[in-house]
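Just so we're on the same page: letters track the sequence lines, and every chain starts at 1.
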There are 2 protein chains.
Amino acid sequence: MPQARPGLKDVAKRAGVGISSVSRVLSGHPDVSAGMRDRVMAAVTEIGYRPDIFARGLRGGPTMSVGLVIGDISNPLLSEISLGAEDALRRAGYSLLFVNSMNDPALEAQNILLFRDRHVDGLLLSLSAEDDADVLTALQTIEAPLVLIDRELDDPGEILRPSAVLCDHRGGMRAAISHLLDLGHRRIGCILGGHARFARMRRRGVEEAYAERGLPTGYSIVQGPLDAAHGQAATSRLLDMREQPTALVAGGNQLLKGCLRELRLRGLAVGTDLSLVSCDETDLTEMLDPPIAVVRRDTHQLGRTAAELLLRRIQDPDEGPVTSVQPTVFVPRPSCGPVREAAAT
Amino acid sequence: MPQARPGLKDVAKRAGVGISSVSRVLSGHPDVSAGMRDRVMAAVTEIGYRPDIFARGLRGGPTMSVGLVIGDISNPLLSEISLGAEDALRRAGYSLLFVNSMNDPALEAQNILLFRDRHVDGLLLSLSAEDDADVLTALQTIEAPLVLIDRELDDPGEILRPSAVLCDHRGGMRAAISHLLDLGHRRIGCILGGHARFARMRRRGVEEAYAERGLPTGYSIVQGPLDAAHGQAATSRLLDMREQPTALVAGGNQLLKGCLRELRLRGLAVGTDLSLVSCDETDLTEMLDPPIAVVRRDTHQLGRTAAELLLRRIQDPDEGPVTSVQPTVFVPRPSCGPVREAAAT
DNA sequence: ATGAAAGCGCTAACAT
DNA sequence: ATGTTAGCGCTTTCAT
């Protein structure tokens with residue numbers, strides 16, 4: 001007695017009909033009589049039939065899965081995005097396959113090919129680099145629709161046609177800098193990191209805020225990798241400048257961590273000795289004393305929107321690529337105070 | 001001209017050999033001549049052949065994928081575990097499929113079945129509940145080997161035979177409590193959460209530390225869900241006791257967050273008004289002022305070990321289930337100080 | 001409206 | 001040691 005998983009054949013036998021009729025019923029083909037549908041569905045539930053994904057995939061059918069290529073899931077920002085995406089996908093009957101790329105473009109390219117081999121129906125991309133040749137090459141081989149999450153490809157080309165969900169980092173940063181300028185700060189140190197869109201946009205936001213008021217370029221921007229080490233090094237460099245900044249802005253949660261380490265080392269008190277703004281809410285920004293002002297965005301929604309954009313294109317291949325922009329909000333907090341001359345060293 | 005993906009057939013034609021010879025070379029069959037191997041491999045690279053996972057899966061072969069069932073990836077603890085597991089799996093040529101369960105046992109059961117349908121070669125389980133009937137039922141239908149991550153099933157049964165990686169929460173907690181007792185604390189409030197092994201073990205650790213010194217039961221334990229809301233509520237309850245505790249222990253990072261909220265609300269200073277210990281290192285425990293003493297464990301290693309245990313059983317089906325126990329370390333920090341009489345309210 | 005039959009790309013049993 | 005062939009479970013012509 002074969003205790004094996006029941007197949008289409010078993011359902012057909014059970015219902016006393018042909019195999020292809022069962023297939024038609026299950027795939028919602030229009031040309032099926034009501035009686036046929038009932039008998040088949042009855043048999044299906046009776047013997048507990050479940051379609052075999054692999055047999056379907058072999059025929060080139062949909063796999064009901066979507067791949068997420070992401071730099072580092074242990075970054076709370078990215079994990080929340082993935083949560084939002086998964087939520088939307090599950091509702092639509094899709095599952096999210098997830099692979100971590102350790103922020104390594106080579107691995108990222110490899111993972112893209114891996115998803116291709118697994119016949120994912122679409123790809124969600126939060127790439128760690130926007131201009132890596134291997135990644136671009138790998139993406140060229142993907143036929144399924146693509147959605148970029150807060151990223152912009154250097155040259156999207158005519159082949160890729162990715163949709164995208166972007167965040168208004170520029171506006172958020174402009175608001176943050178304006179707030180600091182309102183408090184009297186003129187020398188602001190900005191710690192940015194990464195080679196992606198968000199760093200460029202934040203830089204522009206800083207520039208705009210000064211330009212808006214016709215103020216001379218009183219800011220300094222230190223760009224580097226998107227990690228805590230750079231956050232600390234950049235902070236140190238900024239605080240060693242002859243014209244020491246009276247306020248710092250950290251462009252991300254990892255950078256913030258490094259920045260805070262350096263401030264602690266130097267015994268500087270946030271909010272009084274020095275004002276501080278960070279980007280993206282985390283436990284730290286919320287729980288530290290004083291709480292840290294942040295440029296905030298809805299990460300869960302970001303992931304959900306990305307998934308929705310993707311689903312739309314999966315379900316209707318004629319849909320063209322779409323770009324959606326999500327707002328950011330500046331949340332002032334006691335980490336920002338009025339200027340005080342000569343912070344203690 | 002078919003621009004389609006090349007198949008075994010194309011390789012065979014190109015190399016001027018039979019299809020099965022190609023299959024044999026690729027699957028490392030012993031009965032192949034050196035010449036055959038060379039010609040086939042040459043053809044493979046020439047036309048860029050890549051095996052089709054679905055055709056393999058259809059034949060019941062390995063899919064080179066492992067599923068991870070996890071409650072909440074946005075918990076840094078779990079994301080680090082998944083990072084460690086993925087690392088080990090990738091080295092072995094496996095990829096990690098990951099599905100989030102929102103801490104909902106029903107979803108968890110559903111996800112287990114989903115992985116089964118995807119023919120994963122093994123399952124890594126960090127279940128949110130250890131005794132859910134649906135989850136147990138779902139697990140019964142899995143033929144692939146199972147590894148529990150810091151969990152213990154109520155009744156493992158003879159069918160499941162799961163391997164497991166456990167953590168010595170009991171020892172870590174005993175060390176933490178001993179440290180507090182050394183500092184003179186006698187009334188210690190413990191905030192525990194969740195229905196899994198770690199909560200039981202931590203409770204035992206507390207009991208043992210008091211018993212070891214022949215001290216009367218001076219602790220109070222407040223058990224509840226594993227989230228920030230319970231952390232805050234439990235803290236409030238403990239601080240409202242007639243015999244107010246002079247030290248608190250939070251059994252996890254979410255609980256800690258709630259606890260800190262309540263302490264801030266009451267204006268209590270950690271380390272002076274009240275001593276505080278938490279479980280598991282996070283940004284918060286490290287960056288707060290003063291830093292928070294923690295019972296620490298190597299989460300990356302935890303994930304890696306789980307993956308290794310799983311791989312061993314995947315690669316040799318005769319291997320029986322194994323349980324490995326990982327150490328925990330208590331890290332004393334300035335959040336713990338000597339007892340002070342009557343904390344300010 | 002329904003059933004029979006041909007593959008999808010691969011592996012394994014069988015032949016040589 | 002190598003080639004031939006029969007399926008794995010499904011979708012999709014193609015008949016009827």
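- The side-chain contact (heavy atoms from CB on, under 4.5 Å) test with B:Ile112 is passed by exactly one of B:Val120, B:Asp134, B:Val135: B:Val135.
- Contact annotation: the side chain of A:Arg118 approaches that of A:Leu97 to within less than 4.5 Å [non-hydrogen atoms, C-beta and beyond].
- Contact of the A:Leu166 side chain with the A:Gln326 side chain is not registered, since no non-hydrogen atoms from C-beta on lie closer than 4.5 Å.
- Residue B:Leu8 contributes atom CG, which lies 6 Å from atom P of C:dT11 at whole-angstrom precision.
- With sequence neighbours excluded, the residues that form a side-chain contact (heavy atoms from CB on, under 4.5 Å) with B:Arg24 are B:Ser20, B:Ser21, B:His29, B:Val32.
- By the 4.5 Å heavy-atom criterion applied to side chains, A:Val25 and A:Met41 are counted as neighbours.
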Show the distances under 3.5 angstrom between N or O atoms of the protein and N or O atoms of nucleotides 6-8 of chain C.
from, atom 1, to, atom 2, distance (Å)
C:dG7, N2, A:Arg59, NH1, 2.1
C:dG7, N3, A:Arg59, NH1, 3.3

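- Contacts between residues 32-43 of chain B and DNA chain C, counted as heavy-atom distances below 4.0 Å, involve no residue at all.
- Remark: C1' of C:dC10 and NE2 of B:His29 are 16 Å apart, rounded to the nearest angstrom.
- Inspection of the A:Arg313 and A:Ser163 side chains reveals an N or O donor paired with an N or O acceptor under 3.5 Å.
- With sequence neighbours excluded, the residues forming a side-chain hydrogen bond (donor to acceptor under 3.5 Å, both in side chains) with B:Asp150 are B:His169, B:Arg297, listed by chain and number.
- DNA chain D is contacted by B:Val17, B:Gly18, B:Ser20, B:Ser21, B:Arg24 of residues 13-24 of chain B, taking any non-hydrogen atom closer than 4.0 Å.
- For DNA chain D, the outermost nucleotides in 5' to 3' order that have an atom under 4.0 Å from a heavy atom of chain A are D:dG9 to D:dT12.
- In this structure a side-chain-to-backbone donor-acceptor pair under 3.5 Å is missing from B:Asn100 to A:Leu83.
- Across all strands shown, A:Asp52 has heavy atoms under 4.0 Å from sugar-phosphate atoms exclusively, and none from any base.
- In this structure, the side chains of B:Ile314 and B:Val66 come closer than 4.5 Å at one or more pairs of heavy atoms.
- Classified by interplanar angle (parallel below 30°, tilted 30° to 60°, perpendicular above 60°), the ring pair A:Phe54/B:Phe54 is tilted.
- Using a 4.5 Å heavy-atom cutoff, the side chains of A:Asp298 and A:His300 are in contact.
- The distance between atom CG of B:Asp31 and atom P of C:dA12, rounded to the nearest whole Å, is 14 Å.
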* For the pair B:Leu309 and B:Arg312, evaluate side chain to side chain contact (heavy atoms under 4.5 Å, CB included) and give the outcome as yes or no after the intermediate values. => CA-CA 5 Å; B:Leu309 252 44; B:Arg312 212 190 297 169; 3.7 Å; yes

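- Annotation: side chain of A:Leu124 is not in contact with side chain of A:Ile81 (no heavy-atom distance under 4.5 Å).
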